[in-house]
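What you are looking at is a predicted structure, and each value in this text was computed from that prediction instead of being measured.
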Amino acid sequence: MVGRIIRFLAATGMRQEEVVSLEWSQVSAERREVRLKKTKTASSRIVPLSDDALAILASTPRHITGHYVFWNGDGRPYTHFASQYRNIAKRAGVPWRCHDLRHRFASVFLMTTGDLAALQAILGHRTITMTLRYSHLVTEHLHRAMAKMGTKPSTNTAESPVAYNAERELTH
């Protein structure tokens, strides 16, 4: 079950507390979404589900009497998941905190879609500034973005028409 939680965190960008307290009544496979009632910001929100997130939910066994999606023992939610994650990460040699999965989701989502407003809504941030703190663009992505503008990473700026025009404008 711990592995399912880790994969679900990485696939949704949800907060650890939101995932470990997630109940089946909040999940709609038909609408491909999770409706969160209790969040850090005290605002409810909808988290759309990717194919990977749906597959995790579909393969997660339901407890016979419990109502939590990810359950421990006799159907109870995980209460000390961060420490369990820390132990697993340490054994695996992974230098990530559990919350880093949320940052990773944000970075991958933004580099894939470019939709900052959607990312803000999915993560449940009140401000774009906070969302920007979560998304870390890798250099390779920056080069791809620049290539869309018509400049290849290997282009010599001295030969670039833009560089030439800028230089010319400064001298005239």
Side-chain angles (χ1 to χ4, degrees), residues 1-128 130-141:
M1 199 60 75
V2 170
R4 293 173 196 279
I5 294 171
I6 292 169
R7 290 193 322 271
F8 196 73
L9 286 164
T12 63
M14 291 170 59
R15 293 178 182 94
Q16 169 200 311
E17 300 81 21
E18 295 167 344
V19 171
V20 296
S21 64
L22 185 63
E23 299 178 19
W24 284 111
S25 62
Q26 297 172 265
V27 176
S28 173
E30 299 80 31
R31 289 191 308 266
R32 298 179 62 102
E33 65 188 28
V34 168
R35 291 181 177 268
L36 296 175
K37 300 170 194 165
K38 296 181 285 184
T39 66
K40 182 179 175 183
T41 60
S43 300
S44 61
R45 78 174 193 277
I46 294 173
V47 178
L49 298 173
S50 65
D51 291 342
D52 289 344
L54 278 172
I56 294 163
L57 291 176
S59 67
T60 300
R62 291 185 184 228
H63 189 272
I64 194 163
T65 59
H67 53 274
Y68 293 101
V69 174
F70 303 106
W71 47 274
N72 187 5
D74 61 353
R76 296 170 309 198
Y78 284 81
T79 53
H80 301 289
F81 183 76
S83 59
Q84 290 177 326
Y85 177 88
R86 194 170 31 256
N87 291 337
I88 291 168
K90 187 176 181 178
R91 283 195 311 258
V94 176
W96 288 10
R97 300 169 300 138
C98 187
H99 193 70
D100 291 338
L101 296 171
R102 187 165 159 84
H103 285 261
R104 181 186 180 282
F105 171 85
S107 300
V108 170
F109 183 92
L110 190 57
M111 287 186 287
T112 303
T113 70
D115 195 336
L116 189 59
L119 180 59
Q120 178 186 2
I122 291 167
L123 295 178
H125 290 152
R126 290 185 180 155
T127 66
I128 287 286
M130 181 57 75
T131 306
L132 287 171
R133 288 184 196 165
Y134 274 73
S135 52
H136 313 282
L137 305 179
V138 296
T139 303
E140 181 183 325
H141 173 74

Reference residue E18; test side chain to side chain donor-acceptor pair (under 3.5 Å); the match among R45, K37, Q26: R45

Ring geometry between Y134 and H99 (parallel below 30°, tilted from 30 to 60°, perpendicular above 60°): perpendicular

Pairwise side-chain contact, L36 with I46, heavy-atom cut-off 4.5 Å (strictly under): no

Minimal non-hydrogen separation, Y68 against P77, with atom names: CE1-CD, 3.4 Å

Between F70 and F8, ring centroids under 6.0 Å: yes

Cationic N near anionic O, under 4.0 Å, D100 to R102: no

Flag side-chain contact, heavy atom, 4.5 Å: L123 against M14: no

Residues E17, R15: salt bridge by 4.0 Å N-O rule: no

R32 and S50 side chains, donor-acceptor separation under 3.5 Å: no

Nearest non-hydrogen partners of I5 and V19, listed with the distance: CG2-CG1, 4.0 Å

Spatial distance of atom OG1 (T127) from atom CG (L132) [nearest 0.5 Å]: 8.5 Å

Neighbour count >12 (heavy atoms, 6.0 Å) for atom CZ, R104: no

Distance in Å, R126 CZ paired with T131 OG1, rounded so as to fall on 0.5 Å steps: 12.5 Å

Heavy-atom closest pair, residues D52 and A11: CB-CB, 4.4 Å

Backbone of H125 reached by a side-chain donor or acceptor of Q120 within 3.5 Å: yes

Side-chain (R35) to main-chain (S28) donor-acceptor, under 3.5 angstrom: no

Nearest heavy-atom neighbours spanning A29 and L54: CA-CD2, 4.1 Å

Nearest-0.5 Å distance that lies between atom CZ in R7 and atom CG in L57: 10.5 Å

Verdict with supporting geometry, M1 and T60, side-chain contact (heavy atoms from CB on, under 4.5 Å): CA-CA 8 Å; M1 199 60 75; T60 300; 3.9 Å; yes

Geometric class of the Y85/F81 ring pair [parallel <30°, tilted 30-60°, perpendicular >60°]: tilted

Nearest atoms (heavy-atom pairs only) where I56 meets R4: CG2-O, 3.8 Å

Taking every non-hydrogen atom, the tightest pair across I122 and T12: CG2-O, 3.9 Å

Atom pair CG/CG of L110 and D115 - distance to nearest 0.5 Å: 8.5 Å

Distance flag, aromatic centroids of W71 and H63, threshold under 6.0 Å: yes

D74 and T65: CA distance, side-chain angles, deciding distance, side-chain contact (heavy atoms from CB on, under 4.5 Å) verdict: CA-CA 8 Å; D74 61 353; T65 59; over 6 Å; no

